[in-house]
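Reviewing the structure listed below.
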Amino acid sequence: MVLKTINLQQRAANEGRRILAWWRENALRTDGSFYGKVTNDCIPDPNADLGVILATRILWTFSRAIHSGFEASMENRQVADHLWTLFKSAFWDTSHLGVFWMVNGNQQPVQRRKHIYAQSFAMYACAEYYAASGNPEALLYAQLIYECVERFARDSVHGGYFESFSEDWNPIQDQLGISDLAAPKSMNTHLHLLEAYTRLYQVWPNPELRYRLRELLQVVITRIVHPQTFHFQLFFDADWRPLSDVISYGHDIEGSWLLCEAAEALGDRDCIESTRDLAVQMVKATIAEGIDMDGGLFNEGRAGRVIDDDKHWWPQAEAAVGLVNAYQITDDPQYLDKSQLVWDFIEQYIADKQYGEWFWLVDRDGNPDMTKWKVDPWKCPYHNTRACMELWQRLAVKGE
């Protein structure tokens with residue numbers, strides 16, 4: 001078993017360093033900015049708008065590589081510092097606080113909406129950059145975003161957080177992405193707000209934040225995880241009535257380990273144990289319905305049946321981590337074996353051996369969609385590099 005963990009750890013570490021190098025070489029501009037779009041064969045679009053999700057995920061990725069010790073190089077520190085400067089100058093709203101959704105090539109806002117999903121990633125990135133650099137300004141920005149989310153988005157009646165706001169923080173009806181519902185509340189936003197609150201609490205152990213983190217964790221567990229199927233429910237009205245029965249297998253297995261991370265940050269033994277039990281149930285549900293014989297994770301399902309058998313890049317990354325997390329909880333080697341099978345699938349089908357980085361998606365037969373971008377407002381280094389760093393850390397401990 002030790003040899004298995006070391007093997008997977010080394011494979012993930014090697015892949016993570018390749019991905020970081022790809023982003024330095026193909027997505028970053030000489031002026032410290034980045035390309036908003038890059039084709040599958042590494043041709044950048046110099047006129048593409050720049051999205052805040054992509055910007056903050058790049059900032060988080062390189063900051064995490066530094067702070068974790070995964071690759072604490074001067075090159076990565078320069079990337080993180082450049083992205084921090086860009087974040088402040090292009091995306092930060094000095095009038096109303098928070099971050100804009102999209103800016104153009106001249107770094108002027110073209111979509112000014114304040115979606116809590118975007119604020120979450122901005123908070124997450126600021127907290128990580130603070131951990132990596134020690135820059136107190138980064139912590140201040142994370143705290144300001146937190147205060148805005150609590151002031152404008154928290155639902156004091158039904159719990160949780162509303163989704164969408166105008167530039168000056170007035171509620172609006174809006175979709176996160178084109179395939180999402182314009183719902184008042186969603187799994188996706190709450191999951192990534194949980195992730196952001198967890199990281200912020202780790203670098204800023206504020207008592208009020210601790211209370212809100214615990215409250216948010218319970219909202220996700222009691223409102224969003226289905227108590228019988230152990231799948232996430234995706235969209236809700238204001239008082240938490242579900243609006244969709246679609247299952248996102250990638251989010252399920254991603255959430256399984258992020259819930260554990262939040263509970264561990266709180267340090268409450270009973271909460272940790274109950275959350276770990278739930279995480280294993282979520283992983284079991286994903287294995288039973290969402291993982292193909294070749295190790296690839298399907299995209300979506302409904303009522304126990306796969307309805308979208310494409311295999312996107314990011315669920316594969318999250319599956320590898322979620323399965324190792326289940327292995328660490330249970331010591332059951334089947335989860336480690338399945339994580340290795342997922343990684344085999346990634347190396348065979350998802351990692352682009354010709355141009356580098358990962359394909360956006362492949363079909364069930366493993367054929368990549370060559371029309372998809374390697375970089376766009378949603379295609380980023382966060383899921384895959386994070387998975388590599390998580391496996392590098394987790395399996396180093398397990399293999400000793």
Taking the cut-offs as 6.0 angstrom to the six-membered ring centre and 45 degrees off its axis, would you call [X] and [Y] a cation-pi pair?
X    : Y    : answer
K379 : F359 : no
R17  : F70  : yes
K185 : F162 : yes

So which heavy atom on [X] is nearest to which on [Y], and how close?
X    : Y    : result
I350 : K311 : CD1-O, 3.9 Å
C380 : W23  : C-CZ2, 3.5 Å
S164 : H115 : OG-CD2, 3.3 Å

Give a yes or no on whether a salt bridge exists between [X] and [Y], defined as a side-chain N under 4.0 angstrom from a carboxylate O.
X    : Y    : result
D344 : R11  : yes
R386 : E195 : yes
R199 : E261 : no

Side chains of [Y] and [X]: any donor to acceptor distance under 3.5 Å?
X    : Y    : value
Q354 : D352 : no
N170 : D168 : yes
W313 : E357 : no
R212 : Y197 : no
T189 : E163 : yes
R24  : N76  : yes
H251 : N188 : yes
D81  : Y129 : yes
E318 : W257 : yes

I need the [X] [atom1] to [Y] [atom2] distance, nearest 0.5 Å.
X    : Y    : atom1 : atom2 : result
I19  : N14  : CD1   : CG    : 11.0 Å
N40  : T371 : CG    : OG1   : 8.5 Å
D369 : H312 : CG    : NE2   : 9.0 Å
W84  : T56  : CH2   : OG1   : 11.5 Å

Revision key, fill the gap. Tested for ring pair (Phe, Tyr, Trp, His ring centres under 6.0 Å) against W378, the lone hit among W314, W360, Y117 is Y117

Check your understanding: Under the salt bridge (Lys or Arg N to Asp or Glu O under 4.0 Å) criterion, do E390 and R394 qualify, and how do the steps go?
Key -> CA-CA 6 Å; E390 285 289 328; R394 290 168 181 263; 2.8 Å; yes

Practice item. Any chance you could lay out the salt bridge (Lys or Arg N to Asp or Glu O under 4.0 Å) test for E71 and R64, step after step, and finish with the verdict? Key: CA-CA 9 Å; E71 194 177 70; R64 184 63 176 172; over 6 Å; no

Do the ring planes of [X] and [Y] sit parallel (below 30°), tilted (30 to 60°) or perpendicular (above 60°)?
X    : Y    : answer
W169 : F165 : tilted
Y161 : H190 : tilted
W343 : W358 : perpendicular

Point to revise | Test side-chain hydrogen bond (donor to acceptor under 3.5 Å, both in side chains) applied to N206 - qualifying residues, sequence neighbours left out | key: none

Exercise for review: Taking the side chain as every heavy atom from C-beta outward, state whether P381 and I58 have any atom pair closer than 4.5 Å.
Suggested key: yes

Donor-acceptor contacts under 3.5 Å from residues 25-38 side chains, at least two apart:
from : atom 1 : to  : atom 2 : distance (Å)
N26  : ND2    : W22 : O      : 3.0
R29  : NH1    : P46 : O      : 3.3
D31  : OD1    : S33 : N      : 2.9

